[in-house]
Amino acid sequence: MQTIDPSKVPYKTLSNGAKIPVIGLGTFGSDNYDAETIAQAVKMAIKMGYRHIDCASVYGNEKEIGIVLKELFAEGIVKREDLWITSKVWNDKHKEVVASCKQTLADLQLDYLDLYLVHWPFPNYHAPKCDVNARQPNAVPYIHEDYMKTWAQMESLYKCGLVKNIGTSNMTIPKMKLLLRDCKVKPSITEMEIHPHFQQPEIYRFMKDNGIEVIGYSPIGSPKRPERDKTPEDTVDIEDPAIVAIAERQNVHPAVICLKWAVQRGQITIPFSVKESKLFSNLKGVTEDPLTAEEMENISKIDKHCRLVKGQVFLWKNAKSWEDLWDLNGEITA
Ligand SMILES: NC(=O)c1ccc[n+]([C@@H]2O[C@H](COP(=O)([O-])OP(=O)(O)OC[C@H]3O[C@@H](n4cnc5c(N)ncnc54)[C@H](OP(=O)(O)O)[C@@H]3O)[C@@H](O)[C@H]2O)c1
């Protein structure tokens with residue numbers, strides 16, 4: 001197997017001195033890959049030089065990933081302190097964050113997480129693989145008081161050392177402003193959808209200006225997401241002429257250009273694949289041949305404001321459309 005020296009992979013230093021590699025492996029297999037296949041991809045990726053893995057309890061594979069982590073430690077391939085492991089509390093566990101985190105730690109066979117995120121700001125459960133039009137009868141809009149109770153549990157995990165950093169995911173600026181106003185421990189990282197056709201410049205700037213690092217998910221535009229998660233308006237990043245032209249010049253897949261753009265722009269990127277050649281080209285891509293200033297400028301102009309992970313399944317009864325989840329007019333939709 002071809003490998004990359006992990007010390008060649010850039011990282012970001014957080015305010016508490018923690019270092020997070022700018023590329024991590026996503027582990028959401030969606031409908032396409034089973035838990036064992038993803039766990040084996042994690043093993044391959046770490047042997048290849050990846051040091052950052054993006055997990056979540058809802059991905060349904062933390063037990064299998066825990067087994068391979070244990071094997072990697074036992075084989076002396078990597079030490080725990082050299083890895084960055086993220087996980088996330090799922091929507092139906094907002095009132096049981098500590099128990100959920102402990103379950104994740106047991107499944108991953110770890111003593112601590114490097115980062116624990118609130119996966120969504122809504123406590124709305126939906127069954128895995130359910131139809132996008134399914135609505136949970138008890139679903140509610142964002143309730144700040146409840147979110148702060150969830151956040152207080154996140155802070156307790158941080159204070160007792162079970163997690164080294166805490167953060168958010170799928171937030172909006174107005175929700176984040178309230179959290180920053182009311183929290184005792186600030187989120188150090190936020191995870192949100194970012195790819196060339198969905199650059200989210202305003203919230204990206206807001207987070208950075210508030211000292212919060214950004215992890216961009218679906219960085220390639222999630223080309224293998226299930227059909228039920230696609231809409232006719234969705235655009236395809238890896239077919240964009242600007243991306244394709246740069247890929248041809250560099251003789252790499254357009255996916256790799258999306259990742260180079262992500263890292264050079266300043267976000268942390270977590271592409272998913274279970275295939276050796278793709279894992280390798282993605283890791284290699286962020287360590288060499290940066291894009292030129294002109295290429296970065298060209299990509300900055302192809303934003304299509306095309307959100308792919310719309311979150312319809314989290315809508316409450318009287319919500320009008322998925323836009324209600326994202327506070328588009330700058331106010332929290334109640
Ligand atoms: N916080 C959240 O709410 C949230 C939401 C969504 C995702 N995430 C995280 O973000 C991760 C990544 O997002 P994603 O899985 O939606 O999408 P993505 O990383 O944008 O796209 C993944 C797909 O791109 C293809 N690909 C990867 N590298 C490639 C390459 N070099 N050349 C050609 N094709 C390539 C893969 O195809 P193959 O399958 O053929 O390898 C894979 O299925 C997830 O796994 C998850 O960890 C978080």
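Atoms within a ligand are numbered from 1 in the order they appear, just like the ligands themselves.
- Within the 4.0 Å heavy-atom cutoff, Asn32 does not count among the residues contacting ligand 1.
- The shortest N or O to N or O distance between Ile220 and ligand 1 is under 3.5 Å.
- The number of heavy-atom neighbours closer than 6.0 Å to NZ of Lys186, taken from other residues, nucleotides and ligands shown, is above 12.
- Only one option out of Gln267, Met171, Gln200 pairs with Met192 in a side-chain contact (heavy atoms from CB on, under 4.5 Å); it is Gln200.
- The backbone and the side chain of Pro219 each have at least one atom closer than 4.0 Å to an atom of ligand 1 (non-hydrogen atoms only).
- A salt bridge links Lys88 with Asp54: the closest approach of a Lys/Arg side-chain nitrogen to an acidic carboxylate oxygen falls below 4.0 angstrom.
- The aromatic rings of Tyr147 and Tyr142 sit tilted, their planes meeting at an angle between 30° and 60°.
- Against a heavy-atom cut-off of under 4.0 Å, Ala255 is close to the following atoms of ligand 1: 29 (C), 30 (C), 31 (N), 32 (N), 33 (C).
- For ligand 1, the atoms closer than 4.0 angstrom to any heavy atom of Ile270 are 9 (C), 10 (O), 11 (C), 12 (C).
- Ligand 1 has no nitrogen or oxygen under 3.5 angstrom from a nitrogen or oxygen of Val256.
- Looking only at heavy atoms of the protein, atom 40 (O) of ligand 1 is closest to Lys224 NZ, 2.4 Å.
- Defined by atom type and a distance below 3.5 Å, a donor-acceptor pair is missing between the side-chain atoms of His126 and Asn91.
- Any N or O atom pair closer than 3.5 Å counts here, and Lys88 shares no such pair with ligand 1.
- Each of the atoms 1 (N), 2 (C), 3 (O) of ligand 1 lies under 4.0 Å from some heavy atom of Ser169.
- Of all protein heavy atoms, the one closest to atom 47 (O) of ligand 1 is Asp54 OD2, 2.8 Å.
- Screening Pro219, Pro10, Pro271 against Ile23 for a side-chain contact (heavy atoms from CB on, under 4.5 Å) leaves a single residue, Pro271.
- Close approach of ligand 1 to Pro271 (heavy-atom distance below 4.0 Å) involves ligand atoms 19 (O).
- Looking only at heavy atoms of the protein, atom 22 (C) of ligand 1 is closest to Phe272 O, 3.4 Å.
- If you number the atoms of ligand 1 from 1 as listed, the ones under 4.0 Å from a heavy atom of His119 come out as 1 (N), 2 (C), 3 (O).
- The closest protein non-hydrogen atom to atom 28 (N) of ligand 1 is Asn282 ND2, 3.0 Å.
- With salt bridges taken as basic N to acidic carboxylate O contacts below 4.0 Å, one links Arg228 and Asp31.
- Residues Lys230 and Asp234 are not paired through a salt bridge, judged by the lack of any N-O separation under 4.0 Å between the basic side chain and the carboxylate.
- Counting heavy atoms closer than 4.0 Å to ligand 1, residue Ser222 contributes atoms from both its backbone and its side chain.
- When heavy-atom distances to ligand 1 are checked against a 4.0 Å cut-off, Ser281 comes that close only through its side chain, counted from C-beta outward.
- For the residue pair Thr190 / Thr168, a side-chain donor-acceptor distance below 3.5 Å is found, with atom types taken as modelled.
- Between the choices Phe280, Tyr59, Tyr33, the shortest heavy-atom distance to atom 8 (N) of ligand 1 belongs to Tyr59.
- The shortest separation from a heavy atom of Arg225 to ligand 1 is not under 4.0 Å, leaving the residue out of contact.
- Salt-bridge annotation for Lys8 and Glu288: absent, with no side-chain N of the basic residue lying under 4.0 Å from a carboxylate O of the acidic one.
- Here the rule is salt bridge (Lys or Arg N to Asp or Glu O under 4.0 Å) with Asp114, and of Arg80, Lys19, Arg51, Lys164 only Arg80 fits it.
- Among protein heavy atoms, atom 4 (C) of ligand 1 sits closest to Tyr217 CD2, 3.3 Å.
- Distance from atom 41 (O) of ligand 1 to its nearest protein heavy atom, with residue and atom name: Ser273 OG, 2.7 Å.
- Only the side chain of Asn170 comes within 4.0 Å of ligand 1, judged by heavy-atom distances.
- Scanning the protein for heavy atoms near atom 44 (C) of ligand 1, the closest one is Phe28 CB, 3.7 Å.
- For the pair Arg135 and Phe314, the cation-pi test (distance below 6.0 Å, angle within 45°) is failed.
- Lys47 and Leu72 get closest at one heavy-atom pair: CG-CD2, 4.0 Å.
- One side chain, Thr104 or Glu62, offers a donor N or O that lies under 3.5 Å from an acceptor on the other.
- Counting heavy atoms from C-beta on, the side chains of Asp237 and Ile243 never come closer than 4.5 Å.
- Below 4.0 Å from some heavy atom of Thr27 lie the following atoms of ligand 1, by number and element: 45 (O), 47 (O).
- Closest heavy-atom approach to atom 24 (O) of ligand 1 among the candidates Gly221, Ala247, Pro223: Pro223.
- Considering backbone and side-chain atoms alike, Val309 places every N or O at 3.5 Å or more from each N or O of ligand 1.
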